[in-house]
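Data block below; observations after.
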Amino acid sequence: MAGKKFSSYHLAAALRREPDPAAALRLFLNPPTSATPSSAPFRYSLRCYDIIISKLAAARLFPAMDIQPDACTYNILIRAAAASGSLEHARRLFDEMLRRGIAPTVVTFSTVVAALCNAGQLEEAFEVKEMMVRRHKVSPNAYVYASLMKGLCEKGDVDDAVRLKEEMAGNAELLLDSAVYATLVRALFQVGRKGEVVGMLEEMKGRGIVADRVVYNAIIAGFCEDERDPSAAFAVLDDMKKSGCKADAVTYNTLVACLCKLGRW
DNA sequence: TTAGGGTTAG
């Protein structure tokens with residue numbers, strides 16, 4: 001493979017081939033770089049960590065396994081635990097990071113809040129929003145708010161979600177963004193309040209927030225479910241393109257499904 | 001390096 005870039009893929013293969021765990025660790029810590037010295041270093045894949053940790057563990061070389069975790073490590077683990085359906089495991093990881101003296105970041109809390117909201121545990125999610133400020137001096141940001149607002153909307157509490165948006169607007173530290181509006185726009189269509197969508201979008205524009213793909217997709221989805229006639233949705237698709245926003249797979253999946261439902265093969 | 005918001009299907 002002379003002249004070819006050495007990537008984490010090659011490292012994973014080399015680690016798998018190396019029978020001596022100490023040699024594997026040396027390889028992991030000091031991988032051969034590319035033949036071209038100017039080329040950028042590669043990122044370690046999770047697979048590489050997996051292989052080296054498994055090898056060291058099998059050889060009972062525990063001290064060598066001690067790759068010091070930081071907040072980011074825990075954030076990744078917490079997200080994975082929540083994604084696999086175990087909020088309990090996520091909570092244990094959170095406690096563990098505190099015990100180790102690793103300060104949770106706003107990413108940690110936004111991950112936890114999103115997981116709770118996805119599980120429908122809104123009350124707990126709001127408790128986290130309070131607790132992160134009170135106990136950890138970390139302020140919620142737009143990620144945290146967007147998750148809470150989506151959770152509220154899914155329960156049909158669109159007005160409460162709008163109130164949360166107002167709470168953000170009243171706090172100079174907090175920047176509203178397109179995600180917040182995409183959530184509200186989608187919800188307004190879903191509860192049959194599409195008349196309020198235009199005002200919401202104007203407010204967004206007035207705040208200097210540009211509609212992105214997700215906002216457009218929310219509007220298109222709204223018109224698709226709402227109309228016997230998808231022409232409004234296609235008009236939005238035109239606007240979207242004109243504004244320089246590229247339609248993506250979500251856009252087209254929405255429109256294709258809409259046409260299929262109407263029998264317009 | 002890690003987090004949110006938009007869709008379809010099953």
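In this text, all values refer to a predicted model and were calculated from it rather than measured experimentally. Numbers restart at 1 for each chain; the letters A, B, ... are given by sequence-line order, proteins then strands.
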**Item:** Residue A:Ile76, side-chain atoms from C-beta onward, closest of B:dG4, B:dG5, B:dT2
**Value:**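 Selected nucleotide: B:dT2.
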Counting only distance, no hydrogens or angles, is the base of [N] paired donor-acceptor with the side chain of [X] under 3.5 Å?
X	N	answer
A:Ser110	B:dA3	yes
A:Asp177	B:dG4	yes
A:Ser178	B:dG5	yes
A:Asp212	B:dG5	yes

**Item:** Residue pair A:Glu225, A:Lys261: steps toward the salt bridge (charged side-chain N to carboxylate O under 4.0 Å, His left out) verdict
**Value:** CA-CA 10 Å; A:Glu225 79 190 357; A:Lys261 272 184 200 139; over 6 Å; no
**Request:** May I ask you to decide if A:Ala114's main-chain N or O and A:Asn118's side chain share a donor-acceptor pair within less than 3.5 Å?
**Result:** yes
**Prompt:** Are any of A:Arg79's side-chain N or O atoms less than 4.0 Å away from OP1 or OP2 of B:dA3?
**Reply:** yes
What is the separation between atom [atom1] on [X] and atom [atom2] on [N], rounded to the nearest whole Å?
X	N	atom1	atom2	value
A:Asn75	B:dG4	CG	P	11 Å
A:Lys129	B:dA3	NZ	C1'	17 Å
A:Leu93	B:dT2	CG	P	18 Å
A:Leu175	B:dG5	CG	P	19 Å
A:Leu176	B:dG5	CG	P	16 Å
A:Leu77	B:dA3	CG	P	12 Å
A:Tyr145	B:dA3	OH	P	22 Å
A:Phe189	B:dG5	CZ	C1'	16 Å

**Complete:** Closest heavy-atom pair, A:Leu176 versus A:Val180, reported as atoms and distance to 0.1 Å, is CD2-CG1, 3.7 Å
**Asked** For residues A:Asn75 and A:Thr111, is any side-chain donor paired with an opposing acceptor at under 3.5 Å?
**Response**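 Not at all, the side chains of A:Asn75 and A:Thr111 share no donor-acceptor pair under 3.5 Å.
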Are there any protein N/O atoms within less than 3.5 Å of an N/O atom in nucleotides 7-10 of chain B, and if so, which ones and at what distance?
from, atom 1, to, atom 2, distance (Å)
B:dT7, OP1, A:Arg186, NE, 2.4
B:dT7, OP1, A:Arg186, NH2, 3.2
B:dT7, O4', A:Thr254, OG1, 3.3
B:dT7, O2, A:Asn253, ND2, 2.8
B:dT8, O2, A:Asn253, ND2, 3.4

**Item:** Pair A:Phe223 and A:Phe189, ring centroids less than 6.0 Å apart
**Value:** yes
**Aromatic plane relationship, A:Phe94 with A:His136 - under 30° parallel, 30 to 60° tilted, over 60° perpendicular** =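 Geometry flag for A:Phe94 against A:His136: perpendicular rings.
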**Asked** Does the salt bridge (charged side-chain N to carboxylate O under 4.0 Å, His left out) test come out yes or no for A:Asp160 and A:Arg163, once each step is laid out?
**Response** CA-CA 5 Å; A:Asp160 283 339; A:Arg163 272 191 279 278; 2.6 Å; yes
